[in-house]
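Let me begin by presenting the structure, written as C-alpha cells, before commenting on it.
Owing to the predicted nature of the structure, the values given are computational and were not obtained by experimental measurement.
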Amino acid sequence: MFNLFLAVSPEIFIINATFILLIHGVVFSTSKKDDYPPLVSNVGWLGLLSVLITLLLLAAGAPLLTIAHLFWNNFLRRDNFTYFCQILLLLSTAGTISMCFDFFEKERFDASEFIVLIPLPTRSMLLMIPAHDLIAMYLAIELQSLCFYVIAASKRKSEFSTEAGSKYLILGAFPSGILLFGCSMIYGSTGATHFDQLAKILTGYEITGARSSGIFMGILFIAVGSLFKITAVPFHMWAPDIYEGSPTPVTAFLSIAPKISISANMSRVSIVASYGGTLQQIFFFCSIASMILGALAAMAQTKVKRPLAHSSIGHVGYIRTGFSCGTIEGIQSLLIGIFIYASMTIDAFAIVPALRQTRVKYIADLGALAKTNPISAMTFSITMFSYAGIPPLAGFCSKFYLFFAALGCGAYFLAPVGVVTSVIGRFYYIRLAKRMFFDRPRTWILYEPMDRDKSLLLAMTSSFITSSFPYPSPLFDLTHQMALSSYL
C-alpha cells in the first residue's frame, strides 16, 4: 500500500497543491493589507513551484513503474510511455506559468484563480495519459475541458476573451456528448470498457451483424470527439477565434497540453482498438485535410495570433501521420513530433506577449523589428523557420521522421502531400521573416526589454530547436523506448 502511495504521489501532490493555492487566493484576496498584483504574482510562483515539485516526484517515482502497473492495471497503466509523456506535460505547464508573470503586470490581470486553473487541468491530463479504460479516459477529458472553458474567458474585462470562452463552452459540449455516446456504444456491443478486454474481444473473435456496426460507430465517435479536442480538420472551426480571444498564456497552454495528453491516450486506443483499420483511415483523412488547410489558411491571415492557430492545425496533421501508420515507427515519429512541436510553440508564444506589450496586433506592425529589437527578431525567425521545416532546425528533424514513417508503412500518398504542404507553408513563414528584417513599419515602435523569465525560457527552447538536428540521438533513443513500452 505504501508503494502504491509513492507511485501516485505526483497526482496526489498536485491535487493538494491546487486546493492550497485556491485557499491562499481566497483568504488573501479579501485582506486589506494585500494588493491584487502581488497576490497574483505570489500565487503564480507557488503554482510554478508546485508543478516543479510534481515533476521531481514523478522523476523520483520512475523505479516504481512496475509496482504501479501491478496495482493500477484496472484503470491506469504505468510504463515508460506514460512516464515521459507526463514529464513533457509538466515541463510545458511550467513554461506556460513562467509566461504569466510579466503578463499579469503589463495587462493588470487581477485574477489569482487563473493560476489555480492551470494545475487543475494538468492533474486531469496526468491521469488521462495512463488511462487504460474508457470510463477513466472520458472523466479525465471532461475534467480538463471544464477548466479550459473557464481560463479561456478568464480575462473578464475583454469582450474577446468572453467570446472565446462562450464559444469554447458551446462547441465543446457537442464532442463531449459524441465521445460519451461512442463509449456507451462500445460498452453496449462488447460489455467491456477496459482496453485489454477490448483488445481480446476485437482480435480473438469474429464479430458480425449489429455488434459489428455498434463497435464501428463507437470507435468512429470516440475518434471524432478526440480529434475535436486537438483541433484536427474538419473539427477545427473553433480554434482560430478561441486562440485569438484567449489570453496569450492560455493560448499557449491550449496549443500544447491537450495535444500531449490526448495523443498519448489515443495511441493506446489505436493499438488495442484498431478494429478493421477504422481509426487508421480516419487519421489518414484528417492528417491530409489538416496539413492542407493549415498551409493555405495561414497565408491569408493579417493578425499575429491567428496564423499561429492555423499553424497549430497544420502541425496536428503532421502529428496525426504517426497515428495513420499504425506501427512502432509511427508512434516514435509521433512522439518526436510532439516533443519538437511543444518546444517550438513555447518559444513562439513566449515572444508574442513581449511584442504585444506595445499593442502589436497585426503582422504589419512587425516591420523593421530587426532594427529595434534584433535578438527577438532573430529568435522569432528561427522559430518560424523551424515551424516550416527548414534544416538544420528541429522542425526539419520532426517532419523527416514523420514522413519516413509514413513511407515505411506504405502510405505513399500521405508523405508527398505532407512535403507539398510543408513547402507551401514556408512562403508564409518566410514572409514573416522578410517583414521583420526588410520592411518599413507604418509607425516605428520601440519595444520594451523582455523580462528575465521569458528570456530564460527562450534560451532553453531555442537551444533545443537548434541542437536537435545536429545531435538527435538522445531524443531518438528516448522516443524509441517510449514507443516500445506502449506496445508491450
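Heavy atoms only, all atoms of each residue included: Met291 and Gly418 are closest at SD-CA, 3.6 Å. Ser176 approaches Tyr138 most closely through the heavy-atom pair O-CE1, 3.5 Å. The shortest non-hydrogen separation linking Ala309 to Ala239 is CB-O, 4.4 Å. Taking all atoms of both residues into account, the shortest heavy-atom contact from Thr421 to Ala295 is O-CB, 3.5 Å. In terms of heavy-atom proximity, Val233 sits nearest to Cys286 at O-SG, 3.3 Å. Annotation for Ala350 and Met99: closest pair N-CE, 4.1 Å, computed over non-hydrogen atoms.
Residue Met217 places its CE atom among more than 12 non-hydrogen atoms of other residues, nucleotides or ligands, all under 6.0 Å distant. In Leu456, the CG atom is crowded: over 12 heavy atoms of neighbouring residues, nucleotides or ligands sit closer than 6.0 Å.
Met128 has its side chain out of reach of Leu139: every pair of non-hydrogen atoms, C-beta onward, lies at least 4.5 Å apart. Counting only heavy atoms from C-beta outward, the side chains of Ile340 and Ile465 never approach each other to under 4.5 Å. Thr479 is not listed as a side-chain neighbour of Tyr401, based on a closest heavy-atom distance of 4.5 Å or more. Within the 4.5 Å cutoff, the side chain of Ile390 has no heavy atoms near those of the Phe396 side chain. Side chains of Lys259 and Ser312 form a contact here, defined as non-hydrogen atoms less than 4.5 Å apart. You'll find the side chain of Ser290 stays beyond 4.5 Å of the side chain of Arg320, heavy atoms only. Phe349 is not listed as a side-chain neighbour of Ile256, based on a closest heavy-atom distance of 4.5 Å or more. Between Phe221 and Leu179, every side-chain heavy-atom pair lies at or beyond the 4.5 Å cut-off.
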Apply side-chain hydrogen bond (donor to acceptor under 3.5 Å, both in side chains) to Ser381 and Tyr429, showing your working.
-> CA-CA 8 Å; Ser381 299; Tyr429 298 114; over 6 Å; no
Leu127 vs Gln144, side-chain contact (heavy atoms from CB on, under 4.5 Å): CA-CA, chis, key distance, verdict = CA-CA 10 Å; Leu127 295 174; Gln144 75 181 36; over 6 Å; no
Stepwise ring pair (Phe, Tyr, Trp, His ring centres under 6.0 Å) check, His236 with Phe228 | CA-CA 7 Å; His236 67 286; Phe228 179 93; over 10 Å; no
With side-chain contact (heavy atoms from CB on, under 4.5 Å) as the test, would you mind laying out the steps for Trp238 and Tyr243 before giving the verdict?
-> CA-CA 8 Å; Trp238 59 274; Tyr243 281 16; 4.1 Å; yes
Are Phe148 and Val250 close enough, and set up right, to give a side-chain contact (heavy atoms from CB on, under 4.5 Å), and what steps lead you there?
-> CA-CA 9 Å; Phe148 290 158; Val250 175; over 6 Å; no
Checking side-chain contact (heavy atoms from CB on, under 4.5 Å) for the pair Leu335/Cys85: CA distance, chi angles, key distance, verdict?
-> CA-CA 9 Å; Leu335 293 171; Cys85 285; 4.1 Å; yes
Determine, step by step, whether Asp347 and Ser462 satisfy the side-chain hydrogen bond (donor to acceptor under 3.5 Å, both in side chains) criterion, reporting the C-alpha distance in whole Å, the side-chain angles of both residues, the deciding distance to 0.1 Å, and the verdict.
-> CA-CA 7 Å; Asp347 195 272; Ser462 300; 2.9 Å; yes
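Shown are Leu402, Thr321, Ile338; of these, the side chain to side chain contact (heavy atoms under 4.5 Å, CB included) with Ser333 is made only by Leu402. Each of Pro121, Ser246, Cys147, Pro258 was checked for a side chain to side chain contact (heavy atoms under 4.5 Å, CB included) with Phe253, and the lone residue meeting it is Pro121.
Without hydrogens or angle criteria, Asn265 side chain to Ala131 main chain gives a donor-acceptor distance under 3.5 Å. With hydrogens and angles disregarded, a donor-acceptor distance shorter than 3.5 Å links the side chain of Thr461 to the backbone of Leu458. A donor-acceptor pair under 3.5 Å is absent between the side-chain atoms of Ser398 and the main chain of Ala394, judged by distance alone. At least one donor-acceptor pair under 3.5 Å links the side chain of Thr122 to the backbone N or O of Ile118.
Lys399 forms a cation-pi arrangement with Tyr318, by the criterion of a distance under 6.0 Å to the ring centre and an angle within 45° of the ring axis.
Considering CE of Met125 and OG of Ser92, their distance stands at 9.0 Å, rounded to 0.5 Å. Ile129 CD1 to Ile260 CD1: the interatomic distance, rounded to the nearest 0.5 Å, is 7.0 Å. Interatomic distance, CG of Leu89 versus OG1 of Thr82, reported as 12.0 Å (0.5 Å rounding). Summarising the geometry, atom OG belonging to Ser386 is positioned 5.0 Å from atom CG belonging to Leu393; distances are rounded to the nearest 0.5 Å. The structure places CG of Leu308 at 11.5 Å from CD1 of Ile313, a figure rounded to the nearest 0.5 Å. Rounded to the nearest 0.5 angstrom, Ile351 CD1 and Ser376 OG are separated by 6.5 Å.
The aromatic rings of Tyr168 and Tyr149 sit perpendicular to each other, their planes meeting at more than 60°, with 30° as the lower class boundary.
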